[in-house]
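As C-alpha cells, the structure follows; a few thoughts come after it.
Counting starts at 1 for both ligands and their atoms, following the listed order.
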Amino acid sequence: MKAIKRNILLNPGPSTTTDTVKYAQVVPDICPREKDFGGLMKGLREDLVKIVHGDLDKYTSVLFCGSGTINIDVCINSLLPEGKKVLVVDNGAYSTRAVEVCQFYGLPHIDLKFPVDQRPDLAVVEETLKNNPDIGLVHTTHNETGTGILNPIREIGALAHKYGAVFTVDTTSTYAMRPIDIEKDNIDFCMASAQKGLMAFTGLSFVVGNRAIIEKSKDYPKRSYYCNLWLQYDFFERTGEMHFTPPVQTIYSTIQALKEYWAEGEEAKWARHTRVFNAINKGLDDLGFRQVIKPEWRTGLVSSAIYPDDPNWSFEAVHDYCYERGFTIYPGKISTTNTFRLCALGAIDEADIVDFFKVFREALEKNNIAIPVKYND
Ligand SMILES: *Cc1c(COP(=O)(O)O)cnc(C)c1O
C-alpha cells in the first residue's frame with residue numbers, strides 16, 4: 001500500500017483520514033442492488049446505533065446520500081405533525097441553519113435566539129414551551145461548530161419531553177467523538193456524517209433515532225420526496241437498500257472507519273481528541289490568542305480564536321503559509337466577531353499539533369505579526 005501525502009486538517013470536517021480508510025474505497029465495481037452490498041449496509045446501520053449506545057429494538061439508523069445538512073433537512077421536514085410548530089434553541093450558525101430549513105418549507109417555528117458565546121437559558125426554553133403548547137418538535141445543536149460551545153442537550157431534551165415534543169439534536173460535530181448515550185441524553189433523533197467523527201468521507205449522512213416515532217411520522221405531511229425520513233426508513237426495512245443510489249465507495253470506507261473506531265474504543269478516542277484539543281489551547285494561549293468561548297463551556301473539539309488587532313494580521317497570509325506546509329486552518333462563523341477555528345477531529349494526535357504550532361508561529365513571524373499577539377483593549 002503506497003502512503004498518501006498526509007495533510008493535517010484543522011477545519012471542522014472533512015477530517016484527516018487514515019490510509020487504510022482511504023484505500024478501503026478502492027474495491028471491485030459492484031452494483032449496490034446486489035445482495036452482497038445490502039448485507040454490508042445492515043451491519044453498518046446497526047453499528048451507527050451502537051455508537052450512541054442505542055437499543056437496537058428501540059432505535060434505528062437511516063442513511064442518506066448527501067452532506068451533513070441533509071440530516072437537518074430530513075428531521076425537520078419529516079417529524080413535524082400537522083398543526084404543530086418547531087422550536088429551535090439557537091445560539092449559533094448551525095442551529096440557524098435549522099431555522100432556515102423551517103423557512104424554506106414554510107413551517108411554523110420559533111427561533112429562540114441566544115448570544116453565540118452563551119449557553120441557552122433553560123428557564124427561557126421552558127417558558128417558551130409552556131406558552132406554546134403547539135410546539136411538536138424541539139431542535140438544537142450539541143456542539144455548535146461555529147464557536148465550539150457545548151449545549152446542555154440532556155436538560156433541553158428533558159424539557160422537550162416534559163411538554164410532549166420530539167427532540168432532534170444536530171450531533172454532527174460530536175458523534176463518534178464526545179460520547180453520547182441516546183436514551184440517557186433524552187435524544188429522540190441525532191445525526192452525523194461519515195466525514196466528521198468517523199473519519200471517513202463525504203457523501204454518507206445518517207439519522208439515528210426512535211423507531212416508533214418514525215413509524216408514527218408515516219401519517220405526517222410529506223414535505224419532500226427525496227428527503228423524507230419515513231420513506232427512506234420504510235424502503236430500508238422492506239428491501240435492506242437505500243431508496244436511490246447509495247454512495248458506494250464512501251460506504252466501503254465508512255465500514256473500514258467503523259472497524260478502526262471499535263479498535264480504538266470510545267474512551268481512548270475521546271481521550272485522544274481531548275489531548276489534541278488541550279494542545280491546541282496551549283498553543284493558542286502561548287501565542288496570546290483570545291477565544292470566544294470560556295473554557296468551562298467548550299465542547300473540547302473546536303477552538304474559536306479572535307483575530308488580533310495587529311495591522312499586519314492577515315488570516316489569508318497565515319492560512320496560505322500553513323496550507324503550503326500541509327496544515328489547514330479555517331475561518332470562523334460568527335457575524336459579529338472575526339475569528340478563525342482550529343478543530344480536534346480526525347486521525348491526528350498531540351504531536352501533529354506541536355508540529356502545527358511551529359509552522360503557525362513561523363507564519364506569524366514571516367508576516368511581522370507581533371508575538372504575543374496584540375489586542376487593543
Ligand atoms: C459539519 C456540520 C454539519 C453539516 O455540514 P455539511 O457542510 O452539510 O456537511 C451540520 N451540523 C454541524 C453541527 C456540523 O458541524
Side-chain angles (χ1 to χ4, degrees), residues 9-17 48 51-52 61-77 86 88-102 104 114 116-117 119-120 138-153 156 167-178 180 185 187 189-209 224 226-227 229 247 250 253-254 257 273 277 292-293 297-304 328-334 339-346:
L9 301 187
L10 301 175
N11 47 294
S15 58
T16 298
T17 58
L48 295 176
I51 284 185
V52 290
S61 73
V62 185
L63 314 182
F64 291 88
C65 186
S67 81
T69 305
I70 198 170
N71 295 321
I72 307 175
D73 187 325
V74 164
C75 283
I76 302 269
N77 92 62
V86 178
V88 181
V89 179
D90 178 0
N91 60 344
Y94 288 90
S95 289
T96 299
R97 198 171 288 183
V99 171
E100 287 167 4
V101 170
C102 294
F104 270 66
F114 296 96
V116 296
D117 58 351
R119 303 178 86 185
V138 176
H139 178 91
T140 198
T141 307
H142 189 197
N143 169 33
E144 184 40 83
T145 321
T147 56
I149 197 168
L150 179 69
N151 283 324
I153 54 167
I156 298 172
F167 186 43
T168 64
V169 189
D170 181 350
T171 53
T172 313
S173 60
T174 45
Y175 180 96
M177 292 180 280
R178 193 182 167 103
I180 294 172
D185 285 329
I187 299 170
F189 293 90
C190 59
M191 59 192 77
S193 293
Q195 81 275 14
K196 299 239 176 164
L198 287 175
M199 314 189 308
F201 295 104
T202 315
L204 177 68
S205 291
F206 45 87
V207 174
V208 182
S224 169
Y226 198 76
C227 295
L229 185 59
T250 299
S253 58
T254 305
H273 290 306
F277 185 68
V292 177
I293 304 299
W297 287 350
R298 294 175 193 161
T299 307
L301 290 161
V302 176
S303 294
S304 199
T328 302
I329 65 174
Y330 204 69
K333 226 182 194 0
I334 307 175
T339 57
F340 67 93
R341 287 178 286 174
L342 301 176
C343 305
L345 73 173

Where ligand 1 meets [X] - atom numbers and elements under 4.0 angstrom, heavy-atom basis:
X: S173; answer: 13 (C), 15 (O)
X: R97; answer: 5 (O)
X: T69; answer: 4 (C), 5 (O), 6 (P), 8 (O)
X: T145; answer: 12 (C), 13 (C), 14 (C), 15 (O)
X: Q195; answer: 9 (O)
X: S67; answer: 6 (P), 8 (O), 9 (O)

Where is the nearest protein heavy atom to [atom]: which residue, which atom, and how far?
atom: atom 12 (C) of ligand 1; value: Y94 CD2, 3.3 Å
atom: atom 11 (N) of ligand 1; value: D170 OD2, 2.6 Å
atom: atom 2 (C) of ligand 1; value: K196 NZ, 2.6 Å
atom: atom 9 (O) of ligand 1; value: G68 N, 3.0 Å

Seminar exercise, completed: Minimal heavy-atom distance between K196 and S15, with the atoms involved, is O-OG, 3.2 Å
Exercise. Should the heavy atoms of other residues, nucleotides or ligands under 6.0 Å from OH of Y226 be counted, would the total exceed 12?
Worked result: yes
For this session: Answer yes or no: does atom CZ of F114 have more than 12 heavy-atom neighbours from other residues, nucleotides or ligands under 6.0 Å?
Result: yes
Problem set entry | Evaluation steps, side-chain contact (heavy atoms from CB on, under 4.5 Å), between K333 and R341 | CA-CA 9 Å; K333 226 182 194 0; R341 287 178 286 174; 3.9 Å; yes
Exercise. So is M191 in contact with ligand 1, going by heavy-atom distances below 4.0 Å?
Worked result: no
Problem set entry | Residue-ligand contact E144/ligand 1, heavy atom below 4.0 Å | no
Exercise. What part of T141, side chain, backbone, both or neither, has a heavy atom within less than 4.0 angstrom of ligand 1?
Worked result: side chain
Problem set entry | Stepwise side-chain contact (heavy atoms from CB on, under 4.5 Å) test for F277 and T299 | CA-CA 10 Å; F277 185 68; T299 307; over 6 Å; no
Exercise. With side chains defined as the heavy atoms from C-beta onward, is the minimum distance between H139 and V89 less than 4.5 Å?
Worked result: no
For this session: Apply side-chain contact (heavy atoms from CB on, under 4.5 Å) to L345 and S173, showing your working.
Result: CA-CA 8 Å; L345 73 173; S173 60; over 6 Å; no
For this session: Could you please spell out the steps behind the side chain to side chain donor-acceptor pair (under 3.5 Å) verdict for S67 and T202?
Result: CA-CA 6 Å; S67 81; T202 315; over 6 Å; no
For this session: Go through the steps to decide whether D117 and T147 satisfy the test side-chain contact (heavy atoms from CB on, under 4.5 Å), and finish with yes or no.
Result: CA-CA 7 Å; D117 58 351; T147 56; over 6 Å; no
